[in-house]
Amino acid sequence: MNRPEISTEIQIQSNHTKAKMQPALQNQLRDFEVNNNNWKGVGFAFATTIVASSAAAANKWISPSVPVPLIVLSQYSICLFLLAPWLVRQTKQGLKTQFWKAHLLRGVAGWLCFFTYFSALSRISLMEASLLRNAAPIFVPIVAWLWTRSQIPVSRWFPILIGLLGITLILQPDINGINSGHIFGLLSGLTLATSMVGTRILSRTDRASLILFYYILISFICSLPFAIYYWQPIPMWTLPYLAFNGISMLLAIWLYTKAYSYAKPSVVSPINYFSVVIAGILGWLIWQNIPNTTAVVGTFVVITAGLLTVYVSTKETFQINYSSK
């Protein structure tokens with residue numbers, strides 16, 4: 001064999017080796033990109049929990065001096081003001097929607113979620129209120145069945161029942177009944193679940209910015225009568241807290257949207273429960289709130305049920321996507 005033939009054979013083997021390595025290299029790069037995006041998603045989701053928990057602590061701090069209806073109204077007033085630059089750029093056609101009933105139901109549910117959540121914050125510990133609100137994923141299948149009459153898979157019932165058991169441990173009903181703060185907290189979770197289902201349904205037809213605008217507008221309108229009825233002078237020292245509350249709402253929505261743009265819901269959703277941990281730490285540092293053993297057990301049960309709900313829904317989505325290929 002002469003040198004040109006040897007050179008040609010080496011070149012062929014080299015090309016063959018490169019062809020083998022390219023798919024492996026592409027897979028490694030793809031895995032690296034996915035992992036990198038997942039970490040970004042986790043980072044944005046964790047930032048969301050910090051912002052939301054800080055705003056909740058601020059609301060609890062000022063609740064003895066500012067009635068809940070005024071806190072809610074100030075929140076949506078600031079959000080509307082911040083959305084004004086976006087609104088002036090829209091045309092009448094761009095603001096049209098054919099699904100007013102869904103927007104109305106989603107908007108009222110979102111408003112009730114914050115109204116009942118802030119009411120709970122003024123009555124019970126920050127951690128308990130945060131946990132009951134974050135129990136929303138447990139109620140989503142039930143709300144979806146009531147709204148769309150979609151059948152609840154058998155696999156979803158186990159997390160629902162586990163979650164309800166955990167909530168019962170937190171509520172700790174006795175012969176004197178249940179603390180009104182716990183009832184408000186539970187209602188915030190139920191209404192948040194309704195808002196989540198409504199957002200999911202509307203996202204099939206309307207833009208995210210349009211859904212957000214109508215939600216804030218409807219909530220502002222709902223807040224006005226209650227704020228007028230409970231109107232009283234607002235102490236100057238509470239104004240920075242009220243401003244932070246309004247700004248943090250839009251900031252949390254933006255951070256949450258960014259989190260979902262980088263990572264799947266199965267990665268992002270479990271991070272929500274860190275807000276319960278952060279709320280517990282803030283409640284202990286500021287108000288010296290220490291939950292009893294039963295409430296701690298109930299907290300872990302609810303978090304477990306929420307994570308199971310996320311896992312089951314993710315598994316069902318994967319199976320549907322896989323079978324459709």
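Across W284 and I290, no two heavy atoms sit closer than the pair CD1-CG1, 3.9 Å. I170 and A295 make their closest contact through CG1-O, 4.0 Å (heavy atoms, listed as atom of the first residue, atom of the second, distance). Here the closest non-hydrogen pair linking T191 and C113 is OG1-CA, 3.1 Å. The two residues G185 and A120 come nearest to each other via the heavy atoms N-CB, 3.6 Å. Summarising the geometry of A129 relative to L121, their closest heavy-atom pair is CB-CD2, 3.7 Å, with the distance given to 0.1 Å. Of all heavy-atom pairs between A259 and A45, the closest is CB-N, 3.7 Å.
Atom-to-atom distance recorded for L217:CG and L83:CG is 10.0 Å, nearest 0.5 angstrom. Here I218 contributes atom CD1 and Y76 contributes atom OH; the two are 11.0 Å apart, rounded to the nearest 0.5 Å. In this structure, the separation between OG on S119 and CD1 on I124 is 10.5 Å, given to the nearest 0.5 Å. How far CZ of F99 is from CG of D206: 6.5 Å, rounded to the nearest 0.5 Å. Taking OH from Y241 and OG from S74, the interatomic distance works out to 14.5 Å, rounded to the nearest 0.5 Å. We find the NE2-OG1 distance between H103 and T199 to be 9.5 Å, quoted to the nearest 0.5 Å.
In this structure, the side chain of T148 does not engage the main chain of W145 through any donor-acceptor pair within 3.5 Å. R123 places no side-chain N or O within 3.5 Å of a backbone atom of I183 that could act as its donor or acceptor partner. Using a distance-only test at 3.5 Å, with no hydrogens or angles considered, no donor-acceptor pair links the side chain of S130 to the main chain of M127.
Ring geometry, Y117 versus F114: the interplanar angle exceeds 60°, so the pair is classed perpendicular (tilted spans 30 to 60°).
Cluster membership check: L161 does not share its hydrophobic cluster with L169, using side-chain heavy-atom separations under 4.5 Å among Ile, Leu, Val, Met, Phe, Trp and Tyr. Under the 4.5 Å side-chain contact rule for hydrophobic residues, L73 and F244 do not share a cluster. Y215 and L104 fall within a single hydrophobic cluster, where Ile, Leu, Val, Met, Phe, Trp and Tyr side chains are chained together by heavy-atom contacts under 4.5 Å. I211 is not connected to W100 by any chain of hydrophobic side-chain contacts under 4.5 Å among Ile, Leu, Val, Met, Phe, Trp and Tyr, and they are in different clusters. Cluster annotation: V88 is not connected to L250 through the hydrophobic network of ILVMFWY side chains, with a link wherever side-chain heavy atoms come within less than 4.5 Å.
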(Q) Before you tell me yes or no, could you show the steps for L126 and I286 under side-chain contact (heavy atoms from CB on, under 4.5 Å), namely the whole-Å CA-CA distance, both residues' side-chain angles and the distance that decides it to 0.1 Å? (A) CA-CA 10 Å; L126 185 63; I286 301 172; over 6 Å; no
Q: Applying side-chain contact (heavy atoms from CB on, under 4.5 Å), run through V302 and I138 and close with a yes or a no.
A: CA-CA 8 Å; V302 171; I138 298 170; 4.0 Å; yes
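By the 4.5 Å heavy-atom criterion applied to side chains, L187 and L112 are not counted as neighbours. Between N134 and S275, the closest side-chain pair of non-hydrogen atoms falls below 4.5 Å. The shortest distance between side-chain heavy atoms of Y262 and V42 does not fall below 4.5 Å. Using a 4.5 Å cut-off on side-chain heavy atoms (C-beta onward), F158 and I162 make contact. Side-chain contact check for L131 versus I303: some heavy-atom pair is nearer than 4.5 Å. Using a 4.5 Å heavy-atom cutoff, the side chains of I62 and L242 are in contact.
Through direct or indirect side-chain contacts shorter than 4.5 Å among Ile, Leu, Val, Met, Phe, Trp and Tyr, F300 is connected to V296. Cluster note: V197 groups with L105, V140, V143, W147, L192, M196, I201 through ILVMFWY side-chain heavy atoms spaced under 4.5 Å, whether in direct contact or through intervening members.
For residues 47-73, every residue pair satisfying the side chain to side chain donor-acceptor pair (under 3.5 Å) rule, not counting sequence neighbours, is listed here: N59-N245.
Heavy-atom contacts from other residues, nucleotides or ligands closer than 6.0 Å to CD of Q232 number more than 12. Surrounding CH2 of W287 are more than 12 heavy atoms belonging to other residues, nucleotides or ligands, all under 6.0 Å away. The local environment of CZ in R200 is sparse, with at most 12 non-hydrogen atoms from other residues, nucleotides or ligands closer than 6.0 Å.
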Which donor-acceptor pairs under 3.5 Å do side chains of residues 220-231 form with protein atoms, sequence neighbours excluded?
| from | atom 1 | to | atom 2 | distance (Å) |
| --- | --- | --- | --- | --- |
| S223 | OG | W111 | NE1 | 3.0 |
| S223 | OG | S219 | O | 2.7 |

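L95 pairs by the side chain to side chain contact (heavy atoms under 4.5 Å, CB included) definition with W86, L87, Q90, L210, F213, Y214, not counting sequence neighbours. Listed by chain and residue number, F139, I167, L171 satisfy the side chain to side chain contact (heavy atoms under 4.5 Å, CB included) test with L186 (two or more places apart in sequence, or in another chain).
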